[in-house]
Asker: 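Take a look at this one; I'll ask things after.
Residue numbers begin at 1 in each chain, while the letters A, B, ... track the order of the sequences.
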2 protein chains.
Amino acid sequence: MARTTGSDGEKTEAAVREAAVNLIARLGYEAMSMRQLAAEVGVQAAALYRYFPTKEDLLFTLMREHMEGLQQAWSMARPAATDPVGRLAAYVENHIAFHIERRHATHVSNMELRSLSHERLTQILKMRTAYEKELRMILRDGAEAGVFEIDDTGLTAMALIQMMTGVIVWFRPGERLSVAEVTASYLSMTMRLVGATISHGTARPTRRAGDVVAL
Amino acid sequence: MARTTGSDGEKTEAAVREAAVNLIARLGYEAMSMRQLAAEVGVQAAALYRYFPTKEDLLFTLMREHMEGLQQAWSMARPAATDPVGRLAAYVENHIAFHIERRHATHVSNMELRSLSHERLTQILKMRTAYEKELRMILRDGAEAGVFEIDDTGLTAMALIQMMTGVIVWFRPGERLSVAEVTASYLSMTMRLVGATISHGTARPTRRAGDVVAL
DNA sequence: GAATTAATTGAACGTTCGTTTTATTAATTG
DNA sequence: CAATTAATAAAACGAACGTTCAATTAATTC
């Protein structure tokens with residue numbers, strides 16, 4: 001046999017991407033074979049090589065596009081306003097919404113980094129760092145303006161990102177909590193964690209000793 | 001050749017375990033071959049099968065003993081006192097110390113779960129759930145006593161654990177921050193996140209409106 | 001409707017994998 | 001010091017892997 005009736009390169013490539021994200025998320029990159037992926041798409045393994053020259057190219061493409069999507073989502077959600085509380089809230093909301101919506105792709109991008117070549121790993125990490133830097137800037141601005149109370153900006157940014165991204169580990173759509181409820185809770189935890197005050201911008205944080213523990 | 005001079009079963013098995021944790025953490029379970037592991041130990045691949053009947057048995061043993069170690073560490077660090085703030089502080093300190101000290105083993109236990117059979121996966125997850133339940137109990141007790149302010153106990157416990165465990169992703173001993181500094185920061189962030197008040201036990205949380213944002 | 005291009009199959013290649021078997025030597029026991 | 005046990009090496013097994021190549025058919029172009 002050869003070309004099948006109704007076959008279409010664009011559709012096949014899209015099907016390969018989707019099946020690959022799901023399979024890699026479920027089995028892991030190393031554990032997923034090209035034959036398995038092909039079977040999921042309904043095609044022979046050799047056909048995959050028309051769209052991706054190697055298995056690693058496929059992985060890299062999925063990761064790069066995921067990271068580009070994350071940056072783009074944030075660039076569209078980023079508020080024009082400059083007050084740190086509003087910017088932080090937008091960051092948290094966007095991060096959680098994006099990661100819940102793309103759980104599988106996030107799983108792949110976070111767990112399969114070691115299967116990339118050194119050069120490609122660097123490239124993905126650069127994109128990730130750029131995205132995380134946005135959060136550090138918000139935290140730094142807020143701390144300088146006196147609306148946040150933060151020990152260490154870098155450490156706090158990492159803690160927040162781990163906390164937020166961790167949502168994909170346990171959250172399942174349609175169970176006990178809705179996306180809105182989860183987002184609201186994480187927003188509230190985030191604001192408490194950074195010691196956000198209601199006062200915007202100029203006021204000093206007038207926390208009275210003994211109100212909130214800071215060991 | 002056959003048995004080598006100075007060979008000792010106990011020492012070889014210990015060497016296999018240690019090399020396996022490091023190799024799996026670095027390469028991933030699927031990507032590590034038994035021949036690679038054997039070479040790291042300085043032995044032929046067939047020799048490994050004297051100590052572990054299959055590759056998966058090796059992985060499972062590493063994970064089970066890691067989880068047992070975690071539970072044991074907590075059972076020894078658990079304070080006799082009943083006040084939630086002290087118990088939470090002990091939980092955080094123990095969790096971070098343990099995970100920083102056993103970064104590689106934690107990596108393995110968290111990332112390679114999908115390579116276990118269903119039965120063994122269940123067994124490991126049961127141990128993990130039991131450990132996490134301790135945190136949920138502390139949070140619930142604190143919320144009921146009025147010393148914590150928590151939306152959802154389960155969600156908060158997951159957020160805290162993800163945040164704390166995430167330390168192994170970016171922390172490297174001997175760099176900018178010491179273990180003590182990291183622990184202190186995480187403790188402070190945790191207490192703010194759960195809205196801990198200084199008052200122990202009976203007092204109601206007398207937070208004044210506008211002091212801490214809770215969106 | 002012939003020529004060209006797009007999409008895929010089926011078979012094969014060499015390599016590596018986890019694992020088993022058998023033989024061999026070191027250490028221990030009586 | 002002979003007999004036994006412990007610990008390994010060496011070689012081989014079939015299966016599965018990523019990938020390549022040639023052949024073949026569907027769709028498109030002129």
Asker: What is the distance, to the nearest angstrom, from the CD atom on A/E56 to the C1' atom on D/dT19?
Answerer: 14 Å
Asker: Look through every strand shown and name the nucleotide pairing with C/dT29 as Watson-Crick or G-U wobble, where both distances are under 3.5 Å.
Answerer: D/dA2
Asker: Would you mind pulling out the nucleotide paired to C/dT16, Watson-Crick or G-U wobble, both distances under 3.5 Å?
Answerer: D/dA15
Asker: Would you please say whether a donor-acceptor pair under 3.5 Å links the side chains of A/R128 and A/N110?
Answerer: yes
Asker: Report the distance from atom CZ of B/F52 to atom P of C/dG18, rounded to the nearest whole Å.
Answerer: 15 Å
Asker: Quick one: B/D8 CG to C/dT28 C1', roughly how many Å, whole number?
Answerer: 13 Å
Asker: Without decimals, in angstroms, what is the distance between B/L59 CG and C/dG18 C1'?
Answerer: 14 Å
Asker: If the cut-off is 4.0 Å, is A/T12 near the phosphate of C/dA7, judged by side-chain N/O to OP1 or OP2?
Answerer: no
Asker: Where do N or O atoms of nucleotides 4-6 of chain C meet protein N or O atoms at under 3.5 Å, pair by pair?
Answerer:
| residue | atom | partner | partner atom | Å |
| --- | --- | --- | --- | --- |
| C/dA6 | N3 | A/R3 | NH1 | 2.9 |

Asker: Could A/R50 and A/E13 be called an ion pair, given the rule that one side-chain N must be under 4.0 Å from one carboxylate O?
Answerer: no
Asker: On the 0 to 90° scale, with breaks at 30° and 60°, tag the A/Y91-A/Y131 ring pair as parallel, tilted or perpendicular.
Answerer: parallel
Asker: Between B/A31 and A/A47, who's closer to the 5' end of DNA chain C by nearest nucleotide?
Answerer: A/A47
Asker: Given C/dT8, is OP1 or OP2 found less than 4.0 Å from the side-chain N or O atoms of A/Y51?
Answerer: yes
Asker: Is the phosphate of C/dT9 approached by A/T4 (side-chain N or O, under 4.0 Å from OP1 or OP2)?
Answerer: no
Asker: So, A/R64 and A/D57, do they make that salt bridge, N to O below 4.0 Å?
Answerer: no
Asker: Check the distance between C/dT9's P and A/Q44's CD and give it to me in whole angstrom.
Answerer: 5 Å
Asker: Considering only heavy atoms, which members of residues 34-41 of chain A lie under 4.0 Å from some atom of DNA chain D?
Answerer: A/M34, A/R35
Asker: Could you verify whether a donor N or O on one side chain and an acceptor N or O on the other, from B/D151 and A/S185, lie under 3.5 Å apart?
Answerer: yes
Asker: Is there a side chain to side chain contact (heavy atoms under 4.5 Å, CB included) between A/R26 and B/R114 once you walk through the steps?
Answerer: CA-CA 8 Å; A/R26 178 146 45 97; B/R114 56 187 162 203; over 6 Å; no
Asker: Take the protein atom CE of A/M32 and the nucleotide atom P of C/dC17, then report the distance between them rounded to whole Å.
Answerer: 18 Å
Asker: If you only use heavy atoms from C-beta on, which nucleotide in C/dG18, D/dG18, C/dT8 is closest to the side chain of B/S33?
Answerer: C/dG18
Asker: Please state whether the rings of A/Y186 and A/W170 are parallel, tilted or perpendicular, taking 30° and 60° as the class boundaries.
Answerer: parallel
Asker: Quick one: which of C/dT8, D/dG18, C/dT20 gets closest to the side chain of A/A2?
Answerer: C/dT8
Asker: Please determine whether side chain to side chain contact (heavy atoms under 4.5 Å, CB included) holds for the pair B/I100 and B/R172, giving the CA-CA distance in whole Å, both sets of side-chain angles, and the decisive distance to 0.1 Å.
Answerer: CA-CA 9 Å; B/I100 282 185; B/R172 294 294 175 276; over 6 Å; no
Asker: Taking only Lys NZ, Arg NE, NH1 and NH2, and the carboxylate oxygens of Asp or Glu, determine whether B/E56 and B/R120 approach each other closer than 4.0 Å.
Answerer: yes
Asker: Just the rounded figure in Å: distance from P of D/dC17 to OH of A/Y29.
Answerer: 13 Å
Asker: Would you kindly give the NZ-to-P distance between B/K55 and D/dA15, to the nearest whole Å?
Answerer: 19 Å
Asker: So, are A/E134 and A/R87 salt-bridged, with charged N and O less than 4.0 Å apart?
Answerer: no
